[in-house]
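Accompanying notes for the structure given below.
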2 protein chains.
Amino acid sequence: MSDATRHPHAAMSGSGAGHTGERSADWLAQLPEGQIRQFDEGDVICRPDNHQNRIFLIQQGCVRICLSAEHKELTLGWLRPGSIYVTHTRAWVEALEPTRICSWPIERLTSMIAEAPELAIAAMREVGMMLHQATNLIEDLAFRPVDARLARYLLLERGTQNSDTIQLTGHTELLASLLGTSRQTLSTSINRMIKDGLLNKLERQQLQLLDIAALEALAQV
Amino acid sequence: MSDATRHPHAAMSGSGAGHTGERSADWLAQLPEGQIRQFDEGDVICRPDNHQNRIFLIQQGCVRICLSAEHKELTLGWLRPGSIYVTHTRAWVEALEPTRICSWPIERLTSMIAEAPELAIAAMREVGMMLHQATNLIEDLAFRPVDARLARYLLLERGTQNSDTIQLTGHTELLASLLGTSRQTLSTSINRMIKDGLLNKLERQQLQLLDIAALEALAQV
DNA sequence: TGGCTTCTGTCAGCTGGCTGACAGTCGAGC
DNA sequence: GCTCGACTGTCAGCCAGCTGACAGAAGCCA
């Protein structure tokens with residue numbers, strides 16, 4: 001796992017940075033040859049009716065993992081180079097930009113672990129990270145109003161990007177799907193915070209955090 | 001893992017029974033001696049500020065895993081004898097009835113896996129099950145109205161209990177916390193279904209499913 | 001059996017956020 | 001520079017579900 005691993009909900013936990021640091025890149029070096037595939041922006045890498053589970057390594061690009069129902073979509077998170085992903089029965093995986101992936105049938109995991117048991121610890125850690133991310137999302141959906149979700153996300157990104165100026169990934173609708181809300185509601189929330197002096201919009205997809213304390217108070221809800 | 005494993009959200013996926021069947025009880029036989037502890041009904045087994053992660057085996061009784069915030073509580077699920085659980089940073093674990101547990105520090109997992117790599121596969125499967133359960137809950141919270149959540153739960157229990165007469169676990173408030181709603185809303189939902197002829201209440205905590213097709217239609221939302 | 005506590009059903013008022021709609025802005029391509 | 005499509009902001013109406021409250025039923029214990 002490289003430090004390039006960046007997952008919105010994981011970073012929200014505040015322990016993301018420390019956790020990332022614990023990961024050993026030896027895991028990557030020990031992975032056997034897998035199936036390499038290239039995807040263009042917008043391509044579906046994996047859909048819910050895929051019956052063959054695979055384990056994926058993102059080599060290049062950025063992918064989004066999401067759930068959908070009727071006309072609604074929920075983003076579980078996104079992964080960047082160095083991230084591992086084990087397919088979910090009901091999740092979609094789509095490329096947000098041109099992406100290269102190396103993958104293995106899940107059945108190979110058994111032999112991979114038998115050959116190098118350290119792989120098991122790393123794989124457990126990865127699945128544990130996904131579970132942690134899922135827990136964050138559950139808490140958002142169950143307990144936090146949209147303002148709090150947004151504030152948490154922005155503070156997390158501030159930590160990850162090491163700057164008060166946040167570069168957002170994708171446009172409003174994508175971020176709304178990550179925060180479990182609608183585009184309109186997110187837009188309203190952002191613009192209310194701008195009006196209240198917590199944020200400044202430098203340009204589309206770029207926000208400046210002005211009042212960290214106020215954002216932290218909002219995020220505590 | 002024994003067939004006694006029963007987890008509400010897992011069973012909701014409809015693949016729960018099959019998944020249970022794949023598990024090998026050899027996993028249990030290979031587990032080393034751990035720390036045995038006994039808990040009374042209502043005892044907290046594990047709280048969010050516990051910094052030492054452990055891996056738990058439920059030997060007897062029933063435990064509930066939940067998240068809480070302000071005055072709200074969300075049940076992630078419950079576990080019965082034969083279930084394994086790896087502690088979450090932010091989850092509470094509480095005994096719903098007198099319970100016996102065997103546990104190990106999470107650090108022991110590494111040596112356990114080195115001694116018997118099959119343990120890794122079983123542990124991966126367990127964490128994967130938890131992730132699957134979390135995904136079910138996310139879908140409930142993000143996409144499904146309360147009626148649909150209740151219908152899904154009842155149909156799942158019907159499959160697990162192999163009967164049209166469902167024994168509920170705990171009283172209304174507990175089930176409401178599992179379905180991510182309030183006691184009042186759940187009570188209203190149940191009684192509307194009773195009035196509409198889908199359910200019959202035989203006694204507290206015991207419901208008879210009368211119209212499976214209507215419940216299935218509701219659950220599809 | 002009686003008293004007390006817990007559980008359940010029901011109600012009314014409220015609200016966070018959704019949804020559809022529309023106007024203005026921005027970016028990409030010619 | 002112009003056009004068109006995508007993105008963004010804003011608005012109004014609506015509603016699923018929450019919350020607090022209260023009454024009646026059920027369960028438990030002395």
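Below, chains carry the letters A, B, ... as their sequence lines are ordered, and counting in each starts from 1. Atoms considered below: every heavy atom in the structure, side chains included; atoms not considered: hydrogens, waters and symmetry mates. Small disclaimer: the values here were computed from a predicted structure and weren't measured.
- Remark: C1' of C:dC18 and CD of A:E73 are 17 Å apart, rounded to the nearest angstrom.
- Taking atom CG of A:D140 as the reference point, atom P of C:dG17 lies 11 Å away to the nearest angstrom.
- Using a 4.0 Å heavy-atom distance criterion, B:K195 is classed as making no nucleic acid contact.
- In this structure, CG of B:L207 is placed 11 Å from P of C:dT8, rounded to the nearest angstrom.
- Going from atom CG of A:N191 over to atom P of D:dC11 covers 11 Å, rounded to whole Å.
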* Structure fact -> B/S/- along nucleotides 15-24 of chain D (protein heavy atoms under 4.0 Å) is --SBBBB---
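- Using a 4.5 Å cut-off on side-chain heavy atoms (C-beta onward), A:L76 and A:M130 make no contact.
- A distance-only check finds no donor-acceptor pair linking the side chain of B:S189 to the backbone of B:T185 [under 3.5 Å].
- Distances shown here put a side-chain N or O of A:T172 below 4.0 Å from the OP1 or OP2 atom of D:dT8.
- Panel note: side chain B:R149, backbone B:D140; a donor-acceptor pair is recorded below 3.5 Å.
- Helix-axis bend for the helix from C:dT1-D:dA30 to C:dC30-D:dG1: the local axis fitted to the five terminal pairs at one end deviates from that at the other end by 50°, rounded to 10°.
- One interatomic measurement links the two molecules: CD1 of B:I190 to P of C:dG9, which rounds to 7 Å at whole-angstrom precision.
- The two residues B:R54 and B:Q35 make their nearest non-hydrogen contact at NH2-OE1, 3.6 Å.
- Using a 4.0 Å heavy-atom criterion, one finds that A:S187 contacts the bases of the nucleic acid, with or without backbone contacts as well.
- OP1 or OP2 of C:dG9 lies within a sub-4.0 Å distance of a side-chain N or O belonging to B:K201.
- One can place CG of A:L150 at 15 Å from C1' of C:dG16, the figure rounded to the nearest angstrom.
- Atoms CG (A:L175) and P (D:dG9) sit 12 Å apart, rounded to a whole Å.
- Not a single donor-acceptor pair under 3.5 Å links the side chain of B:E73 to the backbone N or O of B:S177.
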* Asked: Would B:L168 and B:Y153 count as a side chain to side chain contact (heavy atoms under 4.5 Å, CB included) if you check the C-alpha gap in whole Å, the side-chain angles of each, and the deciding distance to 0.1 Å?
  -> CA-CA 10 Å; B:L168 303 178; B:Y153 174 76; 4.2 Å; yes
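- With contacts defined as side-chain heavy-atom distances shorter than 4.5 Å, the pair A:L198/A:L218 qualifies.
- Rounded to an integer number of Å, the gap from B:H171 NE2 to D:dC28 P is 12 Å.
- To the nearest 0.5 Å, atom CZ of residue B:R152 and atom CG of residue B:L215 are 12.5 Å apart.
- Using modelled atom types, one side-chain atom of A:T99 and one backbone atom of A:E97 make a donor-acceptor pair closer than 3.5 Å.
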